[in-house]
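Quick note: numbers below take in every heavy atom, side chains included, and nothing from hydrogens, waters or symmetry partners. Everything numeric here is computed off the predicted structure, so don't read it as measured data.
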Amino acid sequence: MPDLSLPWMLAATASAIGALMGLMSLAVPRWGANVVRLAPAPDLKGGWAEFRSSYGGALVLAHGAVLLTLMMSAQAGSGAVMGASFAVGLYWLGMAMGRAISMAADADHGTRTRYNAAAIGFETLMGLALCAPFIAHLGG
């Protein structure tokens with residue numbers, strides 16, 4: 001039986017959101033392109049494959065791994081859950097960190113936007129939710 005504590009439920013919810021975002025990018029790469037505000041270079045072939053792979057398949061499998069360890073926690077153990085969710089949580093926190101650095105360092109390129117500020121909030125929440133099992137473990 002999976003742990004139904006708040007930290008594990010936060011990680012499960014964030015994992016489901018991340019997996020759904022990946023599925024959307026995998027199925028509709030233009031959706032992923034719009035979310036990250038990028039587009040394939042018109043003079044280079046294969047750009048849509050990047051959205052399906054980097055924003056689609058990678059997100060699906062990374063978040064799916066967390067969901068799988070959460071569902072199999074009785075067999076895998078809490079260490080597996082903490083490791084998987086912590087690693088994917090750091091991925092999201094790294095995105096928030098990179099975006100914050102860009103807003104400060106690249107302000108002359110127009111990076112100080114409401115979108116980027118909101119994205120930092122979303123990425124931080126996703127990261128903390130995914131790190132919740134590890135953080136709860138540290139607290140005893």
Taking a hydrophobic cluster as the set of Ile, Leu, Val, Met, Phe, Trp and Tyr residues connected by side-chain heavy atoms closer than 4.5 Å, whether directly or through intermediates, do Val28 and Leu23 fall within one such cluster?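 No; tracing contacts between hydrophobic side chains, which count when under 4.5 Å, never links both residues.
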Is Met95 linked to Met126 within one hydrophobic cluster, defined over Ile, Leu, Val, Met, Phe, Trp and Tyr using a side-chain heavy-atom separation of less than 4.5 Å?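 Same cluster.
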Working to the nearest 0.5 Å, report the span between CG of Leu130 and CG of Leu125.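 It is 11.0 Å, given to the nearest 0.5 Å.
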Between Tyr91 and Leu59, is there a side-chain heavy-atom distance shorter than 4.5 Å?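 Leu59 reaches Tyr91 side chain to side chain.
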Contact between Trp8 and Pro133 at the side-chain level, heavy atoms closer than 4.5 Å - yes or no?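 When only atoms from C-beta onward are counted, Pro133 and Trp8 do touch, with a gap below 4.5 Å.
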Looking at Val36 and Phe51, what are the two nearest heavy atoms and their distance?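 Heavy-atom minimum between the residues: CG2-CE2, 3.8 Å.
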Check for a donor-acceptor pair, side chain of Thr69 on one end and backbone N or O of Ala84 on the other, with a separation under 3.5 Å.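 Flag not set: sc Thr69 to bb Ala84 has no pair under 3.5 Å.
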I need the Met71 CE to Leu68 CG distance, nearest 0.5 Å.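 Interatomic distance, Met71 CE to Leu68 CG, rounded to 0.5 Å: 5.5 Å.
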Taking every non-hydrogen atom, the tightest pair across Arg112 and Ala107: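 The answer is NE-CB, 3.5 Å.
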First locate atom CG of Leu26, then atom OG of Ser54, and finally report the distance between them rounded to the nearest 0.5 Å.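 Here the interatomic distance stands at 11.5 Å.
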Are the side chains of Trp92 and Phe122 in touch, meaning some heavy atoms are under 4.5 Å apart?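 Side-chain contact under 4.5 Å: yes.
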Looking at Val88, Leu93, Leu10, which one forms a side chain to side chain contact (heavy atoms under 4.5 Å, CB included) with Cys131?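 That would be Leu93; it is the only one of Val88, Leu93, Leu10 passing the side chain to side chain contact (heavy atoms under 4.5 Å, CB included) with Cys131.
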Taking the side chain from Ser73 and the backbone from Leu70, do they hold a donor-acceptor pair closer than 3.5 Å?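 Judged by distance alone, yes, a pair lies under 3.5 Å.
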Closest approach of Ala119 to Arg99 (non-hydrogen atoms, all atoms of both residues):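 Minimum heavy-atom contact is CB-NE, 3.3 Å.
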When rounded to the nearest 0.5 angstrom, what is the spacing between CG in Leu61 and NE2 in His63?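 Spacing of CG (Leu61) from NE2 (His63) equals 11.0 Å.
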OH on Tyr55 to CE on Met21, rounded to 0.5 Å: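 The OH atom of Tyr55 is 10.5 Å from CE of Met21, to the nearest 0.5 Å.
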Are Leu38 and Glu50 packed together at the side-chain level, in the sense that at least one heavy-atom pair is separated by less than 4.5 angstrom?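 Heavy-atom side-chain distance check fails, nothing below 4.5 Å.
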Gap separating the CD1 atom of Ile135 from the CE atom of Met82, nearest 0.5 angstrom: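 Rounded to the nearest 0.5 Å, the CD1-CE separation comes out at 12.0 Å.
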Which atom pair, heavy atoms only, marks the closest approach of Asn116 to Met103?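 Smallest interatomic distance, heavy atoms only, reads CB-SD, 3.6 Å.
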Same cluster or not: are Met24 and Ile17 linked, directly or through other Ile, Leu, Val, Met, Phe, Trp or Tyr residues, by side-chain heavy atoms under 4.5 angstrom apart?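 They do share one cluster, since a chain of ILVMFWY contacts under 4.5 Å joins Met24 to Ile17.
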Any idea which heavy atoms bring Gly110 and Thr113 closest together, and the distance?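 Shortest heavy-atom separation between Gly110 and Thr113 comes out as O-CG2, 3.3 Å.
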same_hphob_cluster(Leu138, Phe86) at 4.5 Å side-chain heavy-atom cutoff: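 Yes, it is one cluster - the side chains of Leu138 and Phe86 are joined through contacts under 4.5 Å.
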Between Ser15 (side chain only) and Val66 (backbone N and O only), is there a donor and an acceptor less than 3.5 Å apart?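 Not a single qualifying donor-acceptor pair exists.
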Non-hydrogen atoms of Ser102 and Thr111 that approach each other most closely: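 Distance-wise, the nearest heavy atoms are O-OG1, 2.9 Å.
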